[in-house]
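Shown next, in structure tokens, is the structure this report addresses.
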Amino acid sequence: MTDLTKKSPERETVLTLTDVVKTFPGVRALDGVQLEVRAGEVHCLLGQNGAGKSTLIKVLSGAHRPDSGEVVWLGQPVAFANPQAAMKAGIATIYQELDLVDGLSVADNIFLAHEPRTAGFVKRGQVRRDAGEILAKLGHPEIPVRREVGKLPAAAKQIVSMGRALSREARLMIMDEPSAVLAHDEVANLFRVIRGLTEQGIAVIYISHRLDEIREIGDRVTVLKDGRTTAANLDAKTTPTTELVSRMTGRNIEYVFPPRPEEVPPTPDGAPLLVVEGLTRHGEFADVDLTVHSGEIVGITGLVGSGRSELMETIFGARRPHGGRVTVNGKGLRAGSVTAAVKAGLGMAPEERKSQALVLGESVYRNMTLANFAGYARAGFTDAAKERQAADEVAERLELRPRDVRRVVRTLSGGNQQKVVVGRWLLGGTRLLLLDEPTRGVDVGARAELYQVIRKLADSGVGVLMVSSEVPEVLGLADRVVVMREGRIVRQAPAADIDEETVLDLVMAGSLLEGSPAV
Amino acid sequence: MTDLKPATAPEQPTAAAELSKRQGWWSSDASESVRRNLGLVGVLVAIWIVGAITVPRIFLHAEQLWNNELIIFQQSAAIGVIAIGMTFVIIGGGIDLSVGALVALTSVWCTTQATQEFGPTGMVFTALLVGTVAGLVNGFLIAYGRVVAFIATLAMLVSARGLAQLISGKRTQRVNIENVAITNIAEKDFLGIPYLVWMLLVVGVIGWILLNRTTFGRRTFAVGGNPEAARLAGINLRLHTMLLYGLSGLCCGIAAIMVVAQATAGAPDHGDLYELDAIAACIIGGTALAGGRGSIVGAILGVLVFKGITNLFIVNNLEQEYQLIVKGAIIIGAVLLQQVNFSSLPQLRKSPT
Amino acid sequence: MTDLKPATAPEQPTAAAELSKRQGWWSSDASESVRRNLGLVGVLVAIWIVGAITVPRIFLHAEQLWNNELIIFQQSAAIGVIAIGMTFVIIGGGIDLSVGALVALTSVWCTTQATQEFGPTGMVFTALLVGTVAGLVNGFLIAYGRVVAFIATLAMLVSARGLAQLISGKRTQRVNIENVAITNIAEKDFLGIPYLVWMLLVVGVIGWILLNRTTFGRRTFAVGGNPEAARLAGINLRLHTMLLYGLSGLCCGIAAIMVVAQATAGAPDHGDLYELDAIAACIIGGTALAGGRGSIVGAILGVLVFKGITNLFIVNNLEQEYQLIVKGAIIIGAVLLQQVNFSSLPQLRKSPT
Amino acid sequence: TSNDTGDDDKQAEDQTKVAAGKNAEPGKKVTIGFSAPAADHGWIAAITNNAKAQAGKYSDVTFNAVAAGKDVPEQRAALETLIQQKPDIIVLLPHDGAQMTATGRKAMDAGIPVINLDREFSDPLAYRTLVKGDNYGMGVAAGKLIGTRLKGNPNAVIAEIAGMDELPLTQDRSKGFRDALAVFGLKVGPRQAARFTVQSGQEVTANLLQAAPKIDALWNHDDDQGVGVLAAIKQANRSEFYMVGGAGSLDAMEIIKADNQPLKATVTYSPTMASSAIALARLVAQGKGMEDLVELQVPKLVILQSETITKENVDQYMPLGFRS
Ligand SMILES: Nc1ncnc2c1ncn2[C@@H]1O[C@H](COP(=O)(O)OP(=O)(O)OP(=O)(O)O)[C@@H](O)[C@H]1O
Ligand SMILES: Nc1ncnc2c1ncn2[C@@H]1O[C@H](COP(=O)(O)OP(=O)(O)OP(=O)(O)O)[C@@H](O)[C@H]1O
Ligand SMILES: [Mg+2]
Ligand SMILES: [Mg+2]
């Protein structure tokens, strides 16, 4: 086990990158990156979506090979041929896109490719025991080690992914947006784990778009822009936000929420757009009553696992409710039919972009118009030019980069993929928008823009129902806040009448697996 | 704090954007299928070169060559039509093993005495109807019965052959002399191009438009690329899946007419192993078995490659065992040749990723 | 393992943990494949019931039944062994169309006069070697040549059959009388169970252990379930893929010995369409064509179902066309029967998702 | 071509025969087990139909056919089931003679005589009597027909469309053909194998005709695939050559009779052998001999003569033709 004695503030440098370049067909993802990481520090990487952060860490972890540049690890220049080599050298990575095998159990995933074994036989008992221990150390003893990973919710997968990285001997732990799927208390737990690592002298590279996290956990910050290092080794605690943001984006961005309108404009007949009554799915949520008026933004928050995503999917018809009713614009919605929901003017940006939202092999514009390409078609014939134009407008508003709508979505950075998911429903024609964690992985600049767009949509009469685990986001953007716990609504209030502390109190600390309401 | 490079002037055109502009369309993702198809054309040229070396009498003689190519095209017609339907099914994330058996069933059904009494139109109508209905049955089992496509269409394969045997009494059913219009399809031509080839062309063009220019085609790509995403975007997954198999069945019906015309008869052993040929042609043509990606032109080129190889062997009078051995090698060679990334040729000094 | 301080979080027993305890093993993930397999056992029972009704003379008479079941098992042995290898390949995200042709090639190679001179051991050794090497060639083309598995193994199918014809001169090669030990495999038994069945059992058990208890097996799931994740976890994707096809080839070698024993000869037309049978058995047994999921026991049960159906037809003396029609229907029925979720039976009031 | 069953029955009726005489009288009741490969092809279908029809002629015969499945192991299993049922005698057309020898032997050892139909076992102890066609002789007959017409023209282009090349029977036919032609100083030019199906016949022939701009004679091994061969010839608009068929299907005979296509003759390989095999099986099981022979038992070997059908004698053969 790694055990480096803590050194004085000036700790040794474990990793130095000089002028690293990496190109993909048509894109120079890394264009001369400098980075220096010391033992026992949390080194944060900042940068807009598509700046090259994930590519950089993939170079470090042996998943990509750099075109040129030098990587010095523990004083030796290295060129990792494959991930195995990097792991052997003591670099463990938690990738942005979850790298788990759905069909294998939690324990098997954690020890994949380095199973405790005798003569090729897996020591299954030990694998399970050790996996259980690791999960316990991560604060999640409740995740069953025999459960198939594919059946876990996103947050639990993230924990397993962390468990896998921790199961390796490491002197450098790389974490690519580990907090994106985590809620408030989970992040605190993550930070506890990170501190535990740095206390042993393990270096951590931490990527996040949430500046407050970087302030809290980070020691130093390196900023990337367009594949280049624009600032290195800034102090994470003291560097002013404006400076960080301008280094990232090249301009100053007001990180503020758009103002709420004075009064919610009522629908013609004054009735709410969406009425949910007594909606129930056994084991997920129960007796949910909810309304959304047109022009209103309703934000749902709560712990991960509190059943918010399931609620959204049920309203949208992607799951069949066991009880209750959904009414849109006064008309009952056929249960369990997405087609009917879309016809009624509903749209949903689902939670998991890769599995639920994107056709990865298709271009950006075809993904953006996936839900309404028929709207651009004449007599069944599609109009690609019109689609591209519409998609391009959205891409511009959301600062998609590279702003090429013909690009295959797979080659986009995580945050840019998320923009495509949300962008799909901004194309118009939707009267009620369901957004599940719309800003996951989106950078600061684009996030502010996204808030503006959502508000403008609402102003134009669209009703928005949004789920977010970031309480400030819900409080800042939504007109009305709904707090869920264990599958039930525990509080609904106008955003102005409630503050962060109250929400967190309501949400209460709990575990990932808790929240199965006894219904 | 060491400041390396101060943030350079805001909003300078990024290197990445420039680079992508410079390389242009050729290396963009959109051109990928075109590049693949060029690879296949390269394979066809290679076949021609081998032909020119081994049988110059045919391959270097304009009229002979033309006739020979027409034969290849005619032989490719039926399987080409089937491959077009198969392309839709595979892009949509499925597979159809029953095509050969459906050709048999349809060919038999449209050549029974009872059907033949309705004349050529009746026969064509029957063929299209039987093919489509059988395809829809496949689709129903898969989409609504949730039977894996491989198994559902395998079951259809088995049953349809049995039914074809039952209907025909295991006999070859010749086309009556009154229905010569049917057999004429394989004998007559229009503007020097045989009807069979026209049919392939027409089905190909319609298929191409349907796949690449209509909402139906868009849905097909989405359904195969990510079914869950397609569903959540409001596409009726099941209905669409069912229609895809119906379309494949319709193509089998068309192919059955072509086969009946060529063989001058319907028979329960028609279309033997067509499923393998059609799927292989699709895959060689760049259609991904996993779904979500594929090309009509590629599928037709794939069929031409396979039939071109067969033709090359026959005009060379090669013995069967050598035909087989060499055919396997050529298939591999064709695929490898296709992988040569033409766009990267001028940049070979750049190390590949 | 990187050391960590234990979590300070209070270890309160969570609701979910309780929940999972309450539901118990039956509805836990581990039991899913068991439930599928139970479905298949149900299908086998159904076959037996139909047999008991239609041919009570055999199916209700203990000794006759036992003999009949032994015949079904013997018929299943070779294809069962192949299905075991196929299960590995499919779980690993691939497909092997060449199995039937490899059986032919191997059977011919191990029965040439030259080989037979080395006696039974030499023949067995040759069979295993030829099968494995041919499988590794498949694997090499797929893993290192990046040829799609469908195409690579299709090419191997074609070439291997040609090679088998070439080697044998298209003749059936009988096993010499000195090598009666080989043909005995299909004739003798041990403890009342024929050798063939023992072989299937042994290969099955070894396969099961390899798949479920060794690192090789666990990694196979990862390679097929999420290749990118497997690569990032440090698995040598290419090597592993190549080995999977080698394993399938080895199984073909074993199956070839069994087929040679049954047919008392090697021949270039052995193993015709075994690929379809084996793949179908795997899929019916719960192996997902997309990879990452599958079961050895399921594959063997799948083979037994198919052979059981065939046997039922034979003892009923059904004519071929009816056999085929009914077989298709039974396959669909079997799959639908399997979908009945046994664990959910007591909870039917809960509507399914 | 009609497909109603009445036609079937009539045809089979034509192809069966009960000789008048003492042997025709009902004797000891016998059960005849029968197994032939699954029929998906006119000739095999005729074999099964003829056997059934012949058995139906005898009041003292119980006919028990078992489907033989698609390959040797399946046929073996089917026979094992049959042997368990202990019929008096078995008539067996194996998928492959060599591979089914052991099974034939097993039945014989179990005291059940086996009539080996057409595809010969490699061990004479495995059958009681062998009834087969003459594949080599068929090739010779075709070769003689063509050779006689083309002798003195050593550059004549003679094409051959074979059946499934991997079957020994195809190889025997081709060898007979080559040997007979050699007598006339001729040899085979373009030669391709089809798969006994109409479609394969059409495809192979279309390509072959394209490759050979002029041919003088063509032998097609099998009249079933001949439907496709003739279609391809018509589609290519060719008629400059003399064509001989094989097996002797009704379609082929009708064309020979009409005399308006290149097909002018066919050499038989008659499925009536199944009828004869059943007749012999009954005699063997009842311990009788053949009345016209002196011996008291049925002989061990019966090889059918491959007969040549041309326009001159086609009427006589029409009743023996089978529908492809
Ligand atoms: N496999 C690939 N093929 C082509 N282009 C790629 C590939 N992977 C990444 N890129 C491109 O490289 C650039 C950098 O992407 P990267 O994923 O490193 O961004 P990032 O900084 O991690 O962004 P985010 O914050 O959104 O995760 C992007 O323009 C992206 O489109
Ligand atoms: N680890 C787990 N294993 C099994 N079931 C779980 C687990 N975690 C949550 N669940 C179930 O899923 C339900 C909702 O989970 P889900 O994560 O979708 O909720 P959410 O509020 O949308 O959270 P998220 O922020 O992750 O989207 C819970 O009520 C619980 O029954
Ligand atoms: Mg990233
Ligand atoms: Mg959620």
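Sequence lines set the chain letters: A, B, ... in the order given, protein chains first and strands last, and positions in each chain run from 1. Values reported hereafter were calculated over all heavy atoms of this structure, with side chains retained and with hydrogens, waters and symmetry mates removed.
- Partners of B:C251 under the side-chain contact (heavy atoms from CB on, under 4.5 Å) rule, at least two apart in sequence or in another chain, are B:V81.
- No donor-acceptor pair under 3.5 Å is formed between the side chain of B:N236 and the backbone N or O of A:V338.
- The aromatic ring centres of B:H240 and B:F88 sit 6.0 Å or more apart.
- Interface residue A:L358: only backbone heavy atoms are found under 4.5 Å from chain B.
- With a 4.5 Å cut-off on non-hydrogen atoms, B:I209 touches chain A through its side chain but not through its backbone.
- With chain B as partner, the option from A:S337, A:A377, A:A357 having the largest number of non-hydrogen pairs under 4.5 angstrom is A:A357.
- At a 4.5 Å heavy-atom cutoff, the contact between A:A374 and chain B is made by backbone and side-chain atoms alike.
- Side chain to side chain, A:R407 and A:T411 meet the donor-acceptor criterion of an N or O pair below 3.5 Å.
- With a 4.5 angstrom heavy-atom cutoff, A:Q356 touches chain B via backbone and side-chain atoms both.
- Closest heavy-atom contact between B:C282 and B:A83: SG-O, 3.4 Å.
- Contact of A:R353 with chain B is not made at all, since no heavy-atom distance falls under 4.5 Å.
- The residue from A:K386, A:R403, A:R406 that alone fulfils the salt bridge (Lys or Arg N to Asp or Glu O under 4.0 Å) condition with A:D392 is A:R403.
- Heavy atoms of A:V359 lying under 4.5 Å from chain B belong to its backbone as well as its side chain.
- Using a 4.5 Å cut-off between heavy atoms, A:T339 contacts chain B through both its backbone and its side chain.
- Cation-pi check for B:R293 over B:F221 is not met; the charged atom does not lie both under 6.0 angstrom from the ring centroid and within 45 degrees of its normal.
- Only the side chain of A:F316 comes within less than 4.5 Å of a heavy atom in chain B; its backbone stays farther off.
- Neither the backbone nor the side chain of A:K343 comes within contact range of chain B; no heavy atoms are under 4.5 Å apart.
- In this structure, the portions of B:R213 lying under 4.5 Å from any heavy atom of chain A include both its backbone and its side chain.
- At a 4.5 Å heavy-atom cutoff, the contact between A:S355 and chain B is made by backbone atoms alone.
- With sequence neighbours excluded, the residues forming a ring-ring contact (aromatic ring centres under 6.0 Å, His included) with B:Y144 are B:F140, listed by chain and number.
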